[in-house]
Amino acid sequence: MRLTPRLEVRSALEAAVRSLGVPAEEIPDMELMRARNRQHGDYASGAGLKLARVLKRPPAQIAGELAERIDIPEATAEGAGGYVNFRLRETWLRELVARVAGEGPSYGSSDLGQGEKVQVEFASVNPTGPLHIGHGRGVILGDAVASVLAFTGHAVQREYYVNDQNTQARLFSESVYARLHGKEPPENGYRGDYVAVIAGEAREALPGIEDLNFEAAEPRLRRFAIDRMVDQLAASVGRLGVRYDQWYRESALWQQGLPQQAIERLRESGYLIDREGAVWFRHGEEEETNDEDRVVVRSSGEPTYFASDLGYLLSKFEVRGFQRVIDVWGSDRHGYVPRMKAACDALGIGRDRLVVILNQIVNMKEGRMSKRLGRFIPLDELVDEVGADAVRYFYLLRSPEAMLEFDLDLMLAQSNENPVYYAQYAHARLANLEEFARENAGSLPAEPELSLLEQPWELDLAREVAYWPEHVEDAARLLEPHRIPYAIHELADRVHGFYQAGNRDWQHRVVVEGEPELTRARLELCRAARHTLKSALTLVGVSAPDKM
RNA sequence: GCCCCGCUAGCUCAGUGGAUAGAGCAGCUGCCUUCUAAGCAGUUGGUCGGGAGUUCGAAUCUCUCGCGGGGCACCA
C-alpha cells in the first residue's frame, strides 16, 4: 500500500472544491490537518471558511456541501461549522490491519522519492581528534535524515568530508611529529593523549619516520595519522549504528583538479576578480568592493578552503551526479550558507539543489567545549554510560534549531527515564503477547475475522497504525526526523492502552480463553502494531527488543 | 553595528494560519493471586518573552522591543 489515507482525503476534498465551480485560480490552499480534538474525527479542513469569501456564502453551508460531495472508502466526511471533518471508516481500518500484519516491518516505506539521488553529508568534523557530545547531534541528525530519505525511495549516500589538507590537518601532523620526538605539540596544536598514541603507532608502521626532518616526514605522517583518525571516527559513529558510505577527502578534489576547474569556470563567467594580489569570489553584481566578496586564492598563491569547497560542489553535483545534496552543519557556520548558495548559482548548479540543515551548537553547562583545550566529553563516553539507543533518542527528540544545553549529570540521572524505553517496552509487550498465544492459546483460525475488532482502544490503535506513513512522509518532505520519535510515542501510547484494557477486564485481553476467533483477530492487530513499531524504531536506528 | 537561531507548564521539549495549546520528567491520588507495573487511570501546573499589526481566525505570518546563544577573516 503506497497511499496514505490523508492523500486520498486530500484529493477527494480538492475534487469536491472544484465541483463547486470555484475558478481554479481562486482556490486558496486547502489545508488538511490531523484533527486535534478527537470529536472532530481524524482529519479536518477549514475549507468552508477559506471559500466563504470567494463564493460569498456562509462557511457552514459550503462545508456541508463539500462533505456531501465526498464519498471515499477510507473515510466519512461531515460538515461542522465551517469545517469539514473526516473520520476513518472502521471497515477500512480493519482492512489496513490485515495488510500491515501481512506486509511486515517495511510498513511506511514508499517510493515517494522516485529514486532521486541524494547525498547527505553530515558531521564532517576536522579529523584531528575524537568526536564529542556536541558532534553527536550532527551525527544522529544527519544519519536520521538519510534513513528517512532512504525509507521513502531516495537513493541516499552518506558522506563524511575529510579535511586532510587544511591548516588544522597540518597542525595535527605537526603535533604528531612533536610527540614522535617526545616533545610538546606546538602552540595551538593538539594535546590529547590520542596524539601520542598515534605517534607511537606511526613509529611502528612507518619505520625510520622519526629520522626524517619534518618536511620530509610530513606527507606520510599526515596520511597515516588521518587514516588512523578516520578509523576511530568510523568506530565511534559505528557504535551508534551509523555507517558512512564514503569518507571523501579534500586532497582527492585537488588530485582530480576539481577546484582548479571550478576556478576556471568562474573566471570565464566573470565571477572572479583580482584584488590586492588575491583572487576573490564576487558575491554580488556590482563592480565595486562588496563586503560579501570572499578570497578564493590568497595573495600567497595558496587556495582557501572555499576553493576546495567549489571543487567539492563540482564533485557532488557533476562528477557524481547527485540531484540534491543535504549538508548538516553546526549553526556556527550559518554565515557560510549564502556564499555556498551563490557558488552553486555561479557554477551553474542552481542554489536549490544544495540544502543546508543547521543544528544549534551544543553548549555544556560548564561552558563551551574546546577540542584544543581538551575540554569536552567524548561521544564514546556518553555511549558507554547511557547506551546507543538512549543516546540516539536523546538527540533525535529535539528539532535542529532548538538550543541544547548539555548537562551530563542530568543526562545520566535521567537515562533510565529515557522515552526510548517506553516505545521499546511496547514492542516487547506485543512480541510477548504473540509468543504467549503461540504457547497457550491452542489452535486458532487460520484467517482472522477482523470485524470482531470493535473496542475503542482497538480501533484507536489501528488508527495510529494508519497514521504512520504520514509521519514518515512529513519527516522526509520537511527533512525533520525529530517527528519520528514523537510518532513512535503516540503509537506506543496506544499499544499500552490496548494492553491495559486486558488488565481492567480479562475479556479484553488479547488471548481470551474459549474465544479463538476473538483471540485471532486481536493477535492480527498485535502483529500489525508490532510491525509498525518495529518499522518506526528501525527507521531511527533504535533496537526493537522482543523481551525487556 | 549587521546577520542567523531560540524564548510554550517547576525542568527538558513538541506543536502544517484553525475549533478547548500538548508530551516526558518532577508533584499529588489510586491500580499487580490470572497475557511483561520500564505499564495504566486520575489530578495539579500556562499573560505561548512584552507590545503593535495582518486575518473570519495567530504559539504559528509581519513589525518592534527585551533576554539568551551563535556568526560577521587572505581561519575552517
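Just so we're on the same page: letters track the sequence lines, and every chain starts at 1. Both backbone and side-chain heavy atoms feed into the values below; hydrogens, waters and symmetry mates do not. It should be emphasised that the depicted structure is a prediction, and the values quoted were computed from it without experimental measurement.
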Separation of the C1' atoms in G22(B) and G53(B), to the nearest angstrom:
28 Å
Can you tell me which stems RNA chain B forms, taking runs of 3 or more consecutive Watson-Crick or G-U pairs with both distances under 3.5 Å?
B:1-7 with B:66-72, B:10-13 with B:22-25, B:27-31 with B:39-43, B:49-53 with B:61-65
Can you sort out the partners of Q360(A) under side chain to side chain contact (heavy atoms under 4.5 Å, CB included), two or more places apart, ordered by chain and number?
R137(A), S331(A), M403(A)
Report, one line per pair, each donor and acceptor closer than 3.5 Å where one atom sits in a side chain of residues 495-504 of chain A; sequence neighbours left out.
{"residue": "H496(A)", "atom": "ND1", "partner": "R429(A)", "partner atom": "NH1", "Å": "3.1"}
{"residue": "H496(A)", "atom": "NE2", "partner": "Y422(A)", "partner atom": "O", "Å": "3.2"}

Under 3.5 Å, N/O pairs linking protein and nucleotides 26-30 of chain B:
none

Does the pair E435(A)/K547(A) count as a salt bridge with the N-to-O cut at 4.0 Å?
no
Are Y83(A) and A19(B) stacked, counting the six-membered base ring, centres under 5.5 Å, planes under 30°?
yes
Suppose we screen for side chain to side chain contact (heavy atoms under 4.5 Å, CB included). Which residues come up paired with K50(A), at least two apart in sequence or across chains?
P28(A), M30(A), E31(A)
How far does the P atom of A23(B) sit from the matching atom of C40(B), given to the nearest Å?
12 Å
Between G17(B) atom P and R36(A) atom CZ, what is the distance in whole Å?
11 Å
Excluding sequence neighbours, so at least two apart, what forms salt bridge (Lys or Arg N to Asp or Glu O under 4.0 Å) with E524(A)?
R520(A), R527(A)
Work out how far the C1' atom of G6(B) is from that of G49(B), and round it to whole angstrom.
11 Å
Considering residues at least two apart in sequence or located in another chain, which fulfil the salt bridge (Lys or Arg N to Asp or Glu O under 4.0 Å) criterion with R267(A)?
D274(A)
Considering only atom C1', compute the distance from A26(B) to U12(B) and round it to an integer number of Å.
11 Å
I want to verify the glycosidic state of C32(B); is it syn or anti under the 90° rule?
syn
Between protein and nucleotides 7-14 of chain B, map the contacts as a letter string: B base, S sugar-phosphate only, - none, heavy atoms under 4.0 Å, written 5' to 3'.
-----SSS
Would you kindly give the NE2-to-P distance between H471(A) and G15(B), to the nearest whole Å?
13 Å
Can you build the contact string for nucleotides 40-45 of chain B? Use B for base contact, S for sugar-phosphate-only contact, and - for no protein heavy atom under 4.0 Å.
S-----
Output all residues satisfying salt bridge (Lys or Arg N to Asp or Glu O under 4.0 Å) with R6(A), sequence neighbours left out; order by chain, then residue number.
E473(A), D474(A)
State which of G17(B), A19(B), G24(B) makes the closest approach to the side chain of H40(A).
A19(B)
Under 3.5 Å, is there a donor on one side chain and an acceptor on the other for Q168(A) and Y190(A)?
yes
Just to verify, what does Q260(A) make a side chain to side chain contact (heavy atoms under 4.5 Å, CB included) with, not counting sequence neighbours?
W254(A)
Does NZ or CZ of R34(A) come closer than 6.0 Å to the centre of the six-membered ring of Y467(A), within 45° of the ring's axis?
yes
Pull out every residue in residues 516-524 of chain A that has a heavy atom closer than 4.0 Å to any atom of RNA chain B, ordered by number, or say none.
none
Starting from C1' on C75(B), measure out to CG on D309(A) and report it in whole angstrom.
13 Å
